[in-house]
Asks: 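Before we start, here is the structure in question, set down as structure tokens.
In what follows, every heavy atom counts, from backbone to side chain, and hydrogens, waters and symmetry copies are set aside. Order of the sequence lines fixes the chain letters, A, B, ..., with proteins taken first and strands second; residue numbering starts at 1 for each chain.
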There are 2 protein chains.
Amino acid sequence: MKQNYKDTIPETWRAMSKVFVALGDEHRQRILLLFEPGDRLNVGQIAAVSTLARSSVSHHLKILREAGILRAEKIGKEVWFEINRDWLLSVFDNVSNYIREST
Amino acid sequence: MKQNYKDTIPETWRAMSKVFVALGDEHRQRILLLFEPGDRLNVGQIAAVSTLARSSVSHHLKILREAGILRAEKIGKEVWFEINRDWLLSVFDNVSNYIREST
DNA sequence: TTTACATATCGATGTTCTTCGACATATCAT
DNA sequence: ATGATATGTCGAAGAACATCGATATGTAAA
């Protein structure tokens, strides 16, 4: 076994932490699954189909954004979200490779 | 946008939920990163290098096991854990494919 | 500049998760 | 049987998270 329990967690995994936490919540999964290829959705659209209050949706969107899963752009009064698709895929690639090579 | 917020979450994602939750915790990441290729570790070995109490380690191992990330086999007094490596890789593959094709 | 609208933040409350030590169970050796 | 060892489970205490309505901020239209 490795003896690195107290060591720094590999950078690959540190970036993953927030992604894993974000994707572990069912509401946040549902939000992510709303997106079709190329979609940009604003908070109102997402809140409209959600079962949660607007402020709760906002909270979950913040977590998804801070995890890097969504990118947000404010245009006028609205904030448009889109999936950070390629980055998200590369993150899963990295973790797959780490598991393949080091475990 | 899709209109499926209240629908059933795809099976791919339901299986992932527990994996994401399990890997979102730093202690559980550290446990996973202890394993070298082919390693089988018992609870005592893991608890010995951990900063947590034995019962807390047991708790985290249960979560990792129930997520499918670790497999456990009891031999005599000891319980040996190993990474469910191929299954874990296939899970990441599935999610990558889903993101590639449907978002 | 007033009003209306979209979104974010705040503060309170309830819920879930983490952690621990104590105890229970299971297995082996004496 | 008794004692020693490995692990799991329980219950309590505290920490972290989710949720909501109310309020604040920022933007555009009237």
Asks: Closest to the A:Ser58 side chain: D:dG8, D:dA18, C:dT9?
Replies: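 Ranking D:dG8, D:dA18, C:dT9 by closest atom to the A:Ser58 side chain puts C:dT9 first.
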Asks: Base, sugar-phosphate or nothing for A:Ile75? Non-hydrogen atoms, less than 4.0 Å.
Replies: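 No contact.
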Asks: Taking only N and O in the side chain of B:Ser56, is any of them less than 4.0 Å away from OP1 or OP2 of C:dC20?
Replies: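 Yes.
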Asks: Does a salt bridge link A:Arg30 with A:Glu26, judged by any charged N lying under 4.0 Å from a carboxylate O?
Replies: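 Salt bridge flag = yes for A:Glu26 with A:Arg30.
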Asks: Which class fits the ring pair A:Tyr98 and A:Trp13: parallel under 30°, tilted 30 to 60°, perpendicular over 60°?
Replies: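 Geometry flag for A:Trp13 against A:Tyr98: perpendicular rings.
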Asks: Just to confirm, is there a sub-4.0 Å distance from OP1 or OP2 of C:dT19 to any side-chain nitrogen or oxygen of B:His60?
Replies: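 Looking at the OP1 and OP2 atoms of C:dT19, one of them is under 4.0 Å from a side-chain N or O of B:His60.
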Asks: From D:dG8, D:dG21, C:dA8, pick the nucleotide closest to the side chain of A:Ser55?
Replies: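 Side chain of A:Ser55 sits closest to D:dG21.
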Asks: Is there a side-chain contact between A:Ile75 and A:Arg40 in this structure, where contact means two heavy atoms from C-beta onward sitting under 4.5 Å apart?
Replies: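 The answer is yes; the side chains approach within 4.5 Å.
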Asks: Could you state the atom-to-atom distance from CD of A:Glu73 to P of C:dT7 in whole Å?
Replies: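 Going from CD in A:Glu73 over to P in C:dT7 covers 13 Å.
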Asks: Which of the following nucleotides, C:dT7, D:dT27, D:dG8, is nearest to the side chain of A:Lys77?
Replies: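 Among the listed nucleotides, the one closest to the side chain of A:Lys77 is D:dT27.
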Asks: Grab the CG-P distance between B:Leu61 and D:dT7 for me, whole Å please.
Replies: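 Checked: the CG to P distance equals 10 Å.
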Asks: Using whole Å, report how far NE2 of A:His59 lies from P of D:dC20.
Replies: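 The distance from NE2 of A:His59 to P of D:dC20 comes to 11 Å, rounded to the nearest Å.
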Asks: Tell me: NE2 of B:His27 to C1' of D:dA16, nearest whole Å?
Replies: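 Atom NE2 in B:His27 sits about 13 Å away from atom C1' in D:dA16.
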Asks: Taking atom C1' of C:dC17 as reference, at what distance in whole Å does atom CZ of A:Phe20 sit?
Replies: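 Atom-to-atom, A:Phe20 to C:dC17, this comes out as 19 Å.
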Asks: Is there a path of hydrophobic side-chain contacts, each under 4.5 Å between heavy atoms of I, L, V, M, F, W or Y residues, that connects A:Ile69 with B:Val21?
Replies: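 As far as the 4.5 Å side-chain criterion goes, B:Val21 and A:Ile69 are not connected within one cluster.
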Asks: If you find the nucleotide of DNA chain D closest to A:Leu52 and the one closest to A:Val21, which residue's nucleotide is nearer the 5' end?
Replies: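 It is A:Val21, whose closest nucleotide lies nearer the 5' terminus.
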Asks: Between P on D:dA18 and CG on A:Leu64, what's the gap in Å once rounded to a whole number?
Replies: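 My rounded result for the distance is 11 Å.
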Asks: Scan side-chain atoms only and decide if B:Glu36 and A:Thr103 contain a donor-acceptor pair under the 3.5 Å cut-off.
Replies: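 The answer is no; no qualifying pair exists.
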Asks: A:Glu26 has an atom CD; how far is it from atom P of D:dC17, in whole Å?
Replies: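 From A:Glu26 CD to D:dC17 P: 19 Å.
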Asks: Nearest to the side chain of B:Asp25, heavy atoms from C-beta on, is which of D:dT19, C:dT18, D:dA6?
Replies: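 The answer is C:dT18, which lies nearest to the side chain.
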Asks: Side chain of A:Lys62 only, heavy atoms from C-beta on: which candidate in D:dA28, D:dA6, C:dT9 is closest?
Replies: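 Within the option list, the nearest is C:dT9.
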Asks: What nucleotide among C:dT27, C:dA8, D:dG26 has an atom nearest to a side-chain atom of B:Lys74?
Replies: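 Of the options given, the side chain of B:Lys74 lies nearest C:dT27.
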Asks: Taking any heavy-atom pair under 4.0 Å as a contact, classify A:Arg28: base, sugar-phosphate, or nothing.
Replies: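 Sugar-phosphate contact only.
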Asks: Using a heavy-atom cut-off of 4.0 Å across all strands, would you classify B:Ile63 as base, sugar-phosphate, or nothing?
Replies: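 Sugar-phosphate: the residue B:Ile63, judged by heavy atoms under 4.0 Å, touches backbone atoms but no base.
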